Amino acid sequence: MEHQSPQTHIVVLAVDNSVPSDLAFQFYVDNVSRPGYQLHLVHHSNYWGNFEPMDGGKSSGPSPKHCQELMAKEESKVKEIEQKYRKLMTDNNIDGDFIILRGKDAWHDIIQYQEKVNGIMIVMGTRGQNTLRRTFMGSVSDSVVHHASCPVLVCCHPKN
């Protein structure tokens, strides 16, 4: 009889530096994590592809120095988030990785990543915006729920 190695199931968990992300991570640890599961924490960093003028089109856009400062600040925030979640994975004996996504639409990039790694589900937090605010500003979690081809677990921050 041939011995088969246990199949690894990948769960994609979208994180940022917010309380809802912390809650989603803890929910994964307490309720979803199983032997054979691997957690891929994905963080969507700001997109730096096309800069638009910051003064309504009166100039050619932000200076190169200003762009470099913005990018350095973003990189520092990303490293802080990565260190925080890598420590949480270690502290909770969670097998996984931290992946930085960059693109224009966070929801689309999260779904594309899940499809690329054949993740069995996406877990994410939400700030619980009201309907009017979601309508005008959009919601990453709403878009993921409506477009993903796998189960999506959304952890909502309880209102105070």
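These numbers come from a predicted model, not from an experiment.
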- Message: Taking the side chain as everything from C-beta on, heavy atoms only, tell me whether N17 gets closer than 4.5 Å to K77.
- Response: no
- Would a hydrophobic clustering, with Ile, Leu, Val, Met, Phe, Trp and Tyr connected at side-chain separations under 4.5 Å, put V140 with V145? yes
- Message: Would you compute the distance between atom NE2 of H9 and atom CE of M121 and round it to the nearest 0.5 angstrom?
- Response: 12.0 Å
- Note on the structure: When rounded to the nearest 0.5 Å, the distance separating CG of D30 from CZ of F25 is 9.5 Å
- Query: How many angstroms lie between CD1 in I110 and CD1 in I99, if you round to the nearest 0.5 Å?
  - Reply: 12.0 Å
- Message: Return the CG to CG distance between N31 and L153, rounded to the nearest 0.5 Å.
- Response: 8.5 Å
- Message: side-chain contact (heavy atoms from CB on, under 4.5 Å) for Q83 and K87? Distances and angles first, verdict last.
- Response: CA-CA 6 Å; Q83 289 172 349; K87 181 176 182 339; over 6 Å; no
- Query: Under 4.5 Å between any side-chain heavy atoms of C150 and I122, yes or no?
  - Reply: yes
- How long is the span from the OG atom in S21 to the CG atom in L13, to the nearest 0.5 Å? 7.5 Å
- Item | Residues I94, Y28; criterion side-chain contact (heavy atoms from CB on, under 4.5 Å); working and verdict | CA-CA 10 Å; I94 301 294; Y28 173 83; 4.1 Å; yes
- Query: Considering only heavy atoms from C-beta outward, does the side chain of M124 approach that of C155 to under 4.5 Å?
  - Reply: no
- D16 side chain to S18 main-chain N or O, any donor-acceptor pair under 3.5 Å? yes
- Hey, mind stepping through Q38 and H40 against side chain to side chain donor-acceptor pair (under 3.5 Å) and telling me if it holds? CA-CA 7 Å; Q38 186 178 65; H40 286 205; 2.9 Å; yes
- Query: Would you say the side chain of D95 lies within less than 4.5 Å of the side chain of Y37, judging by non-hydrogen atoms?
  - Reply: no
- Message: Less than 3.5 Å apart, any donor N or O on the side chain of Q26 or D22 sitting next to an acceptor on the other?
- Response: no
- Flag the pair V78 / I100 as yes when at least one side-chain heavy-atom distance between them is below 4.5 Å, and no otherwise. yes
- Query: Does one hydrophobic cluster hold both V144 and L101, with members joined at side-chain heavy-atom distances below 4.5 Å?
  - Reply: yes
- Looking only at heavy atoms, the pair that brings P151 and I120 closest together is CD-O, 3.3 Å
- Message: Quick one, D105 with H44, criterion side-chain contact (heavy atoms from CB on, under 4.5 Å). Give me CA distance, side-chain angles, the key distance, then yes/no.
- Response: CA-CA 9 Å; D105 294 313; H44 194 271; over 6 Å; no
- Item | Spacing of I81 atom CD1 and H43 atom NE2 [to the nearest 0.5 Å] | 4.0 Å
- Query: Same hydrophobic cluster for V152 and V117, using side-chain heavy-atom links shorter than 4.5 Å among ILVMFWY?
  - Reply: yes
- Is there side-chain contact between L41 and M89, with at least one heavy-atom pair below 4.5 Å? yes
- Step-by-step salt bridge (charged side-chain N to carboxylate O under 4.0 Å, His left out) determination, D109 to K104: CA-CA 8 Å; D109 296 331; K104 290 183 182 180; over 6 Å; no
- Query: In terms of hydrophobic clusters joined by side-chain contacts under 4.5 Å, are V32 and Y113 together?
  - Reply: no
- Message: Check whether T90 reaches the backbone of R86 with its side chain - one donor and one acceptor, N or O, closer than 3.5 Å.
- Response: yes
- With a 4.5 Å heavy-atom cut-off, do V42 and V15 have their side chains touching? no
- Message: Any non-hydrogen side-chain atom of V123 less than 4.5 Å from a side-chain atom of F27?
- Response: no
- Message: If you apply the rule side-chain contact (heavy atoms from CB on, under 4.5 Å), what do you find for I10 with N118, and how did you get there?
- Response: CA-CA 7 Å; I10 296 172; N118 199 27; over 6 Å; no
- Is any side-chain N of the basic residue among E80 and K73 closer than 4.0 Å to the acidic one's carboxylate O? no
